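All values reported here derive from a predicted model rather than from experimental measurement. These numbers come from the heavy atoms of this one structure, side chains and all, not from hydrogens, waters or symmetry mates. When a ligand or atom number is given, it counts from 1 through the structure's own listing order.
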Amino acid sequence: MLVFSGFDPSGGAGILQDISIMKMFKISPKAIISAYTVQNEKEFKSVEFRENFEEFDLFDKFSLIKVGMANSKQIKILRKRYNEAKIIWNPIIKTSTGYTIISPNDVNEGSKYVDLMIMNSEEYEITDIKCDVIITGGHKNTEKIEILYKNKKFYSQRYEKQLHGTGCIFSSLITAHIYMGYTIEESINASLYYMDKMVKNSEFSVETENMVYEYHKNYILEELWKIKSEINKLGKYTIPEVGQNIVFALPEAENEYDVGKFPGRIHKLGDEINFIHEPAFFGKSHMARAVIATMKYFPWIRSAMNIKYEKKYIEKAKEKGYKTFYLDRTQEPIEIQTKEGHSIPYGLSNIYDIAKEPIDFVWDDGFYGKEAMIGFLEETHRRL
Ligand SMILES: Cc1ncc(CO)c(N)n1
């Protein structure tokens, strides 16, 4: 795939956003800048279209090209150079800040050389386009946004905000889905779903990172589901009396609700293993707090689990070359001991202050009715 679009230095629109969308779907596009702009979310100062593309020597052919801010002259050049490619064009007549980029006539001219266009309804109405087109926007002030493709209507939630970059992102989503083999109708439905997720939580410009966050969350839950089946295979032997947890934090996690876990912990029930709840981000967890405390020192160490205390496990861990550390809980100040949930972050912080490097394996002997415990801290999970 080739992304052929304008450079917006503020990053809210144009090629920077197009590429982030493609990466979300594990597509690695080639990219050629069609125009340089000087703009931010509030104002648009200038645009300079490129005319010579030495990059054409680098890439033989493309099956699909996504075009953003471009004029008909460039489209013509692109068509001539990549005649077998499917070209999807999201032309910009005026920016959201009111700056004129190209004329409606230029859009008409360029449309002769593309396979599919994506346009908002106001711009579509002042043009005369013959090729397939997805029209977004629909009538103003309706509760839902209407999207039209070949007499088929699609709807999406309207949010009362003026966001920079919505056109680029929607057309990149459509292109990504077509690239992955979906029909145009399926691509519209999928793109509206992702748009809604991103727009809902955005201010000023579309925050594509909101979707990255979604992906992280799904990834973490999937990993925990995989671990669930591993724990089932492993049996009850490593599960402590008070229960076990295995947690995996989001990058930049700040509190235990940013940490994926097994709410209610994992328990022994006779010979069975009882998962109180499927992996989720709610609920409190000592292991989640252990990870949060660790991430303050080593932000890439995002996973932890506790296992039953057995001397042989400690021996084995040392044998295998894990970095181990004994946590002497008798040294805890009384206010830490008596305050629920404080001893783990306290103990770990102390360890990191001393060790000055990550540790894999921490254990304590238990005291005052607390079960002895072993904790693992990992970049990702490691097999027992
Ligand atoms: C580079 C670029 N492409 C597209 C748009 C339309 O939002 C913009 N403002 N800037």
Task: Nitrogen or oxygen atoms of His164 and ligand 1 under 3.5 Å apart - done: no
- [ ] Starting from atom 7 (O) of ligand 1, find the nearest protein heavy-atom neighbour and note its residue, name and distance.
- [x] Ala13 CB, 3.8 Å
TODO: Please identify which atoms of ligand 1 are closer than 4.0 Å to at least one heavy atom of Met69.
DONE: 2 (C), 3 (N), 4 (C), 5 (C), 8 (C), 10 (N)
Open item on the list: Just checking Glu315: does its CD atom have more than 12 heavy atoms from other residues, nucleotides or ligands closer to it than 6.0 angstrom?
Closed with: yes
Task: Under 3.5 Å: donor-acceptor pair, side chain of Asp115, backbone of Ile88 - done: no
Task: Atom NZ of Lys268: over 12 foreign heavy atoms under 6.0 Å - done: yes
TODO: Could you tell me the residue and atom name of the protein heavy atom closest to atom 10 (N) of ligand 1, and the distance to it rounded to 0.1 Å?
DONE: Gln39 NE2, 2.8 Å
Task: Nearest-neighbour protein heavy atom for atom 6 (C) of ligand 1, which is reported as residue plus atom name and distance - done: Ile92 CG1, 3.9 Å
Task: Shortest non-hydrogen separation from Ser285 to Val247 and the atoms involved - done: OG-CG1, 3.7 Å
Task: Exercise: do Ser172 and Asp18 side chains pair donor with acceptor under 3.5 Å - done: yes
- [ ] Using a strict cut-off of 4.0 Å, indicate which atoms of ligand 1 neighbour a heavy atom of Gly6.
- [x] 1 (C)
- [ ] Quick one: pull up CE in Met117 and CG in Asn90 and give me the separation to the nearest 0.5 Å.
- [x] 8.5 Å
TODO: Just let me know how Cys168 lines up against ligand 1, side chain, backbone, both or neither, with a heavy-atom cut-off below 4.0 Å.
DONE: side chain
